[in-house]
Amino acid sequence: MAGNPVDLFIIGGGVNGCGIARDAAGRGLSVTLAEKGDLAQGTSSASTKLFHGGLRYLEYLELRLVHEALAEREVLLKAMPHIARPMRFVLPLHPQMRFEPTSPVSRLAGLAMPWLRGRRPGWMIRAGLFLYDHLGGRRLLPGTRALDLRRDPAGRELKADFAHAYEYSDCWVDDARLVVLNARDARARGATILTRCKVLEAHREGDLWRIETEEGTHLARALINAAGPWVGEVIRDTIHIPSRDGVRLVRGSHIVTRKLFDHERAYFFQGRDGRICFAIPFECDFTLIGTTDQDHLGAPDAPVCTEAEQEYLCAFASEYFARPVTQADIVWTFSGVRPLYDDGASSATAATRDYVLRLDDRGAPLLNIFGGKITTYRRLAQAALAALAPSFPQMTGDWTAGVPLPGGDFSALKVAALREALCGDYPFLTMPWAARLVRTYGAEARTILGRATSAADLGRDFGATLTETEILWQIEKEWARTAEDVLWRRTKLGLRLTQDQTTALAAFMAEAQAG
């Protein structure tokens, strides 16, 4: 299998690995990517599902990161209007809201204005939102405005204590589909994407890397370690190269409840301990609440939202909602391990969210990637390839800004029109079914439906509008291999299918792949 060497071999099928694979393939480089599990199986499917600048990062003076992330929101929105959309966030004000005590702004405010006693006054929040509005060159998204929660519908579900709020803009994104669509575009541009293919060993051999995987041997001119939470493990146990750079594993857990409010805006809640929490409309009938920030001491393979974290998130939301949120409201939990660069911060909350690239060019190049967030994945890919540019003089320049991902070649303003046209051309579709297809596949929804004139033409119905035709598309085009891949990463229909339906889906997929 070794054959001719490729230019880049990438370890890791998360958002960073797939984003780099797409960018590199589009520049004319030959690329192979290997992922030991499913695409986005780890951290990249366990985010808070936001393209955002990171409002709270202003407290840590991470201005470069916030500027880059804010500038990226609109670039990404244009490239993927099916899986991303603008969202307004309501930030209720309360005099007891406080800074996270270890943040630089908290310490500076304590020195300059000791009478605040750690509190975040409303004028300071408004100043931060003014900076947030202007730091990234916002063009499409509306700016901040003040709300009277006694009159605005956003106040109806909140406690009477909250009379005023600010409303600002960020964007929602389907994180797992973001990864799959980057992988699909990389493959369309010539990259080889290997899933469920663990890298066992990698070492330099002359001016090349020899990479041993479960499926055979590969040669490459450069190696990129984008293994996410396993980046340190790959350096230590797979590549066997000493490194002074460390990774800090931080667990972020979320709960999903039945819908807690009827509007389409999200909430940004500030805690008495200085931490923040989001409550976000999710999959039409649910609310997503998160996230926690806990140092993760175990293996990163199967993080769990603990009972304590569930209680913490319920209690946090209950500080704001008039009706208390309890564990009985929870229908699903998920947890991801963020691979942050270990900058020696005193707490998980204070650890930098910026990405760090470390190039080892003592022979065939090795690039290790620490940290990163989904909002800056495209910029990270550009930075990674800039670091490797001296080794690949034939490589062309940056190209990904605004170039649509598969299914995204339409205007963000046309989502409703696309949904309505789909219902018109396929009368058997209900509006919620058409909306789900458009939000999942965009313009490719029509390709999936093909010449169907009835629901029966799409084959077996597994429940919640999931049909045989859609599943076969995911197997053939999107590397889906198990029911979990379909129900929790390619879609979120696991929230709606029964156990019997899930079992039937698993049996069908096994049979389809065996054939």
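Keep in mind that the numbers below use all heavy atoms, side chains included, and drop hydrogens, waters and symmetry copies. For reference, positions follow the sequence shown, starting with 1.
Here Thr376 contributes atom OG1 and Glu72 contributes atom CD; the two are 7.5 Å apart, rounded to the nearest 0.5 Å. For the atom pair Cys171 SG and Met80 CE, the distance stands at 10.5 Å (nearest 0.5 Å). Atoms NE2 and CG, on His296 and Leu340 in that order, are 12.5 Å from each other to the nearest 0.5 Å. Annotation: the span from Thr465 atom OG1 to Leu437 atom CG amounts to 6.5 Å, rounded to 0.5 Å. Atoms CG and NZ, on Leu288 and Lys492 in that order, are 10.0 Å from each other to the nearest 0.5 Å. In this structure, CG in Asp23 is found 5.0 Å from CG in Leu385, a value given to the nearest 0.5 Å.
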Side-chain atoms of residues 414-429: list all donor-acceptor pairs with protein atoms under 3.5 Å, sequence neighbours left out, distances to 0.1 Å.
{"residue": "Asp425", "atom": "OD2", "partner": "Arg446", "partner atom": "NH1", "Å": "2.6"}
{"residue": "Asp425", "atom": "OD2", "partner": "Arg446", "partner atom": "NH2", "Å": "3.2"}
{"residue": "Tyr426", "atom": "OH", "partner": "Gly450", "partner atom": "O", "Å": "2.6"}

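Judged as a salt bridge (charged side-chain N to carboxylate O under 4.0 Å, His left out), and not counting sequence neighbours, Arg156 has no contacts. Residues meeting the salt bridge (charged side-chain N to carboxylate O under 4.0 Å, His left out) test with Glu484, sequence neighbours left out: Arg489. For Glu309, the side chain to side chain donor-acceptor pair (under 3.5 Å) test picks out Arg251, Ser253, Thr292, Thr306, with sequence neighbours left out. In this structure, Glu74 has no side chain to side chain donor-acceptor pair (under 3.5 Å) partners at least two apart in sequence or on a different chain. Listed by chain and residue number, His134 satisfy the ring-ring contact (aromatic ring centres under 6.0 Å, His included) test with Phe130 (two or more places apart in sequence, or in another chain). Scored by the side chain to side chain contact (heavy atoms under 4.5 Å, CB included) test, Lys36 finds Lys198, Trp230, Asp301 as partners (sequence neighbours excluded). Under the side chain to side chain contact (heavy atoms under 4.5 Å, CB included) criterion, Thr396 pairs with Arg27, not counting sequence neighbours. With sequence neighbours left out, Leu55 forms a side chain to side chain contact (heavy atoms under 4.5 Å, CB included) with Leu58, Leu91, Leu129, Tyr132, Tyr168, Phe268. When the salt bridge (charged side-chain N to carboxylate O under 4.0 Å, His left out) test is applied to Glu319, the partners found at least two apart in sequence or on another chain are Arg272.
In this structure, the side chain of Thr287 does not engage the main chain of Thr257 through any donor-acceptor pair within 3.5 Å. Thr43 places a side-chain N or O within donor-acceptor distance of the main-chain N or O of Val337, the cut-off being under 3.5 Å. Between the side chain of His82 and the main chain of Tyr441, no donor-acceptor pair closer than 3.5 Å is present. Not a single donor-acceptor pair under 3.5 Å links the side chain of Glu468 to the backbone N or O of Gly459. Side chain of Asp485 to backbone of Arg481: a donor-acceptor contact under 3.5 angstrom is found. The closest donor-acceptor contact from the side chain of Lys159 to the backbone of Ser318 lies under 3.5 Å. No side-chain donor-acceptor contact under 3.5 Å links Arg490 to the backbone of Ile475. Panel note: side chain Ser30, backbone Asp7; a donor-acceptor pair is recorded below 3.5 Å. Of the possible polar contacts, none joining the Arg436 side chain to the Glu283 backbone as a donor-acceptor pair under 3.5 Å is found. Although no hydrogens or angles enter the test, the distance criterion places no donor-acceptor pair under 3.5 Å between the side chain of Glu68 and the main chain of Leu65.
In terms of heavy-atom proximity, Gly402 sits nearest to Val75 at N-CG1, 3.7 Å. In terms of heavy atoms, Ile255 sits closest to Cys314 at CD1-SG, 4.0 Å. Between Ala443 and Asp409, the closest heavy-atom pair is CB-OD1, 3.6 Å. The two residues Leu249 and Pro339 come nearest to each other via the heavy atoms CD2-CA, 4.2 Å. Considering every non-hydrogen atom in both Thr375 and Leu76, the closest pair reads O-CD1, 3.4 Å. Annotation for Gly372 and Leu380: closest pair CA-CD1, 4.3 Å, computed over non-hydrogen atoms.
A donor atom on one side chain and an acceptor atom on the other are found under 3.5 Å apart for Asn182 and Tyr377. With 3.5 Å as the limit, one finds no donor-acceptor pair spanning the side chains of Tyr320 and Glu157. Checked by atom type, the side-chain pair Asp133/Thr144 shows a donor-acceptor distance below 3.5 Å. Between the side chains of Asp175 and Ser47, at least one donor N or O lies within less than 3.5 Å of an accepting N or O. Residues Ser335 and His254 bring no donor and acceptor atom of their side chains to less than 3.5 Å of each other.
Salt bridge Lys373/Asp354: absent, no basic N to carboxylate O contact under 4.0 Å.
Residue Asp329 forms a salt bridge (Lys or Arg N to Asp or Glu O under 4.0 Å) with just one option from Arg258, Arg323, Lys259, and that option is Arg323. Of the listed residues (Tyr267, Phe269, Phe278), just one forms a ring pair (Phe, Tyr, Trp, His ring centres under 6.0 Å) with Phe89, and that residue is Phe278.
Between His94 and Phe162, a ring centre-to-centre spacing shorter than 6.0 Å is recorded.
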Test log, rule salt bridge (charged side-chain N to carboxylate O under 4.0 Å, His left out), inputs Asp285 and Arg496: CA-CA 10 Å; Asp285 299 317; Arg496 303 182 186 278; 2.9 Å; yes
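Cation-pi geometry between Lys78 and Phe410 is not satisfied (NZ or CZ under 6.0 Å from the ring centre, within 45° of the ring normal).
Sequence neighbours left out, the pairs with a member in residues 491-515 that pass ring-ring contact (aromatic ring centres under 6.0 Å, His included) are Phe462-Phe508. Note on residues 176-188: pairs passing salt bridge (charged side-chain N to carboxylate O under 4.0 Å, His left out), not counting sequence neighbours, are Arg22-Asp185, Arg177-Glu478, Arg184-Glu444, Asp185-Arg189.
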